[in-house]
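A quick write-up on the structure given underneath.
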Amino acid sequence: MTVRTRFAPSPTGYLHVGGARTALFCYLYARKHGGQFVLRIEDTDLERSTAESVNAILEGMTWLGLDYDEGPFYQTHRFDRYNQVIEELLDKGLAYRCDCPKERLEKLRVDQMARKQKPRYDGCCRHKQVDPNQPHVIRFKNPADGVVIVDDLIRGRMPFANEELDDLIIRRSDGTPTYNLSVVVDDADMEITHVIRGDDHINNTPRQINILRALGFEPPRYAHVPMILGDDGARLSKRHGAVSVISYRDMGYLPEALLNYLVRLGWSHGDQEIFSIEQMIEAFDISDVNKAASSFNTSKLDWLNQQYLQQAEPSRVARLLSPHMGRIDIDPSTGPDLADVVKAQAARAKTLVELAEISAFCYRDFEDFDEGSAKKHLRLVAREPLEKLRAAFELMAFEDWTPEQLKHVVEGVSEELQLNLGKVAQPLRVAIVGRAASPGIEETLMLVGKEATLRRIDKALGYIAARGGEA
RNA sequence: GCUCUCUUCGUCUAGUGGUUAGGACGCUGGCCUCUCACGCCGGUAACAGGGGUUCGAAUCCCCUAGAGAGCGCCA
């Protein structure tokens, strides 16, 4: 039997990190076992499902590279099949029509709560003959006694008493099927062997197993993965900032970094932290996933992203960085090759957004010197070295503007003036970058270029002059 | 309220009766060094609490507490 997993989001919002991790686990499990991964859109809730959400989910999956072998299948396209199954259940006496008014149900619930009981439908219509032409819902006739064993791949055996379960609605009064019915039919029809989903579905599982059995299907294996919580340990929500996968793309994270972060949330393989997709597929096993919920920790994601930024092919990073440069009004074609900037800067940024920010100086003059840096390095004592550097640079031919020559010039000035390299390189750095942090001085000079270097040194000299005798 | 689930450093985790309770992020001390960053070396910090079982419990059992989920004509 070949393994078949499915990711089945409901299109009522974007793809969030919890869903993405579930999808990743489904993907990895299928790939590991040479099986198939199918995508199914659970849009039976006509009220809340939107095309925008479908697109957002698809976009998120594509960005992460979680490609599916089949689908996306839409449940709204399968209503005939669900109704066929419902009719079958009705015919076999395994389901029945119910016309209990909402008021009655509400009162029942309130009374049960008052009696400290679990609210559940009392089976009132089980033996009533409800007119099929009048408004009604259809309920599944859940077994009254016995236990359902959910043998979960992550949590082990979980027995549920049928007494705790009630006769759930499988078709609404408007004729549409409900979730518990459609999942079951789809999982059976699509021959899903392993249902990997959030643990908020644990309590649904025994009901679904009962429906499956009533229909004569063998239940799939289940694996309920724990939730992802926010940094503060509370359920992940908008107030934790980003939850949408796409927002991580926009904040400048690499998809492989997010995937790596997500796979390690609730799962591990010895002491290994960095996993390529291939390594994940090789090492992953759903039964190794943790039972407890875990908190999302942005600083670890940052670290991973930085690791990937350094490892990744500079030309690819450059391509991904380009739109972020655009967002801060920089056209990378107007300056040094963006891939060269990436090579010089990648280890200095946690995200592409940050990489763009710290690289802006390569493409345009900065507005003001960073106050602290200027105060410390653009002092009167820096005037002479800057003037000598400027003079030397000015004499350099375009083809001499190389790292070797530039290093030679800077070192030459420091030797000539009997100053530590830092006393020369730092003022120069602040002069041409605007602040005291940048790649090695010759690399920085290469990226800035001769013309801008001279212009910015002049600006720094002007700053020093304006400062006068101070310091 | 009822049912179900979960509980090792701040966070992610290793650990399945005998370990100085390991690793990673973060924080922190140092090295490297023209700055920042990277990198390297070191430090900080945990078995929720209480009872058992056992020669011996993070590991097995029970209770308590805390956290989460479900109890919809949502999925």
Side-chain angles (χ1 to χ4, degrees), chain A residues 8-12 42-45 47-49 75 98 102 105 109 112-121 135-139 150 152 155 158-161 163-166 168-180 182-183 197-206 224 226-227 229 231 233-235 261 264-274 290-304 306-307 310 345-350 358 373 377 407 410-411 414 420-430 433 435-442 444:
Chain A
S10 63
T12 54
E42 308 222 320
D43 54 355
T44 54
D45 183 354
E47 295 287 309
R48 301 198 301 158
S49 299
Q75 293 191 318
C98 164
K102 284 190 176 175
L105 265 18
R109 196 191 329 273
Q112 285 167 331
M113 292 281 266
R115 269 181 279 139
K116 302 193 172 192
Q117 290 174 342
K118 180 179 182 172
R120 47 199 289 278
Y121 181 64
H136 65 276
V137 298
I138 294 176
R139 288 181 185 273
V150 177
D152 194 276
R155 287 152 210 276
M158 296 183 287
F160 289 84
E163 289 176 325
E164 296 295 333
L165 277 22
D166 63 356
L168 69 156
I169 292 173
I170 55 176
R171 185 162 79 187
R172 303 184 183 92
S173 47
D174 66 1
T176 57
T178 60
Y179 166 73
N180 280 299
S182 50
V183 237
R197 56 180 12 169
D199 69 2
D200 48 335
H201 286 284
I202 288 179
N203 289 288
N204 285 323
T205 309
H224 288 96
M227 315 196 26
L229 310 174
D231 299 57
R235 186 175 186 168
Y261 178 71
R264 281 284 290 101
L265 218 46
W267 176 81
S268 64
H269 183 68
D271 288 341
Q272 190 172 347
E273 294 289 346
I274 310 278
N290 255 199
K291 297 177 190 175
S294 39
S295 300
F296 196 92
N297 184 214
T298 306
S299 64
K300 185 149 185 183
L301 205 212
D302 283 343
W303 173 77
L304 269 170
Q306 187 168 35
Q307 297 295 310
Q310 291 177 74
Q345 296 274 54
R348 295 176 169 76
K350 297 187 184 311
I358 64 170
S373 305
H377 299 290
K407 186 172 167 44
V410 177
E411 284 175 352
S414 79
N420 291 331
L421 191 53
K423 297 282 187 214
V424 175
Q426 279 304 85
L428 175 58
R429 171 172 282 114
V430 176
V433 179
R435 58 176 184 276
S438 85
I441 196 65
E442 61 268 22
T444 305

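Worth saying up front: this structure is predicted, and the values here are computed from it rather than measured. The sequence lines fix the lettering, A, B, ..., with proteins before strands; numbering per chain opens at 1. What's counted below: heavy atoms across the whole structure, side chains too, no hydrogens, waters or symmetry copies.
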message: Suppose you measure atom P in B:A14 against the same atom in B:A48; what distance do you get, rounded to whole Å?
response: 14 Å
query: Which nucleotide, in any strand shown, forms a Watson-Crick or G-U wobble pair with B:C27, with both distances under 3.5 Å?
result: B:G43
task: Remember a base hit wins even if backbone is also touched, and classify A:R109 as base, sugar-phosphate or nothing at under 4.0 Å, heavy atoms.
output: sugar-phosphate
Within the sub-3.5 Å range, which N or O atoms of nucleotides 3-8 of chain B have a protein N or O partner, and how far apart are they?
residue, atom, partner, partner atom, Å
B:U5, O2', A:R155, NH1, 2.5

query: So, is A:T44 near the phosphate of B:A75, with a side-chain N or O under 4.0 Å from OP1 or OP2?
result: yes
message: Tell me whether the side-chain N/O atoms of A:S294 come closer than 4.0 Å to OP1 or OP2 in B:U13.
response: yes
task: Give a yes/no answer on whether the side chain of A:S268 brings an N or O atom under 4.0 Å of OP1 or OP2 in B:A14.
output: yes
task: Describe the nucleic acid contact of A:Q310 in one word from base, sugar-phosphate, nothing, applying a heavy-atom distance below 4.0 Å.
output: sugar-phosphate
task: Would you please name every residue forming a side chain to side chain donor-acceptor pair (under 3.5 Å) with A:T176, sequence neighbours left out?
output: A:R172, A:D174
query: How is A:H201 classified with respect to the nucleic acid when contacts are heavy atoms under 4.0 Å: base, sugar-phosphate, or nothing?
result: base
message: Under 4.0 Å from OP1 or OP2 of B:G39: is there any side-chain N or O of A:Q307 that close?
response: yes
message: Can you tell me whether the side chain of A:R348 and the base of B:C36 have a donor-acceptor pair closer than 3.5 Å?
response: yes
message: Under 3.5 Å for both donor-acceptor distances, Watson-Crick or wobble: does B:G66 have a partner, and if so which one?
response: B:C6
Charged N-O contact under 4.0 Å between A:E273 and A:K300: yes
statement: Across all chains, not counting sequence neighbours, the salt bridge (Lys or Arg N to Asp or Glu O under 4.0 Å) partners of A:R120 are none
query: Which letter, B, S or -, goes with each nucleotide of nucleotides 20-30 of chain B from 5' to 3', with contact meaning a protein heavy atom under 4.0 Å?
result: --BBBSS----
message: Rounded to whole Å, how long is the line connecting atom CZ of A:R429 with atom P of B:A37?
response: 12 Å
Listed partners of A:E442 passing side chain to side chain donor-acceptor pair (under 3.5 Å), at least two apart: none
Give each protein N/O atom lying under 3.5 Å from an N/O atom of nucleotides 57-65 of chain B, with the pair distance.
none

message: Could you check whether the side chain of A:D200 and the base of B:A75 have a donor-acceptor pair of N or O atoms closer than 3.5 Å, going by distance alone?
response: no
message: Counting only Watson-Crick pairs (N1-N3 plus N6-O4 or O6-N4) and G-U wobbles (N1-O2, O6-N3), all under 3.5 Å, who is the partner of B:U35?
response: none
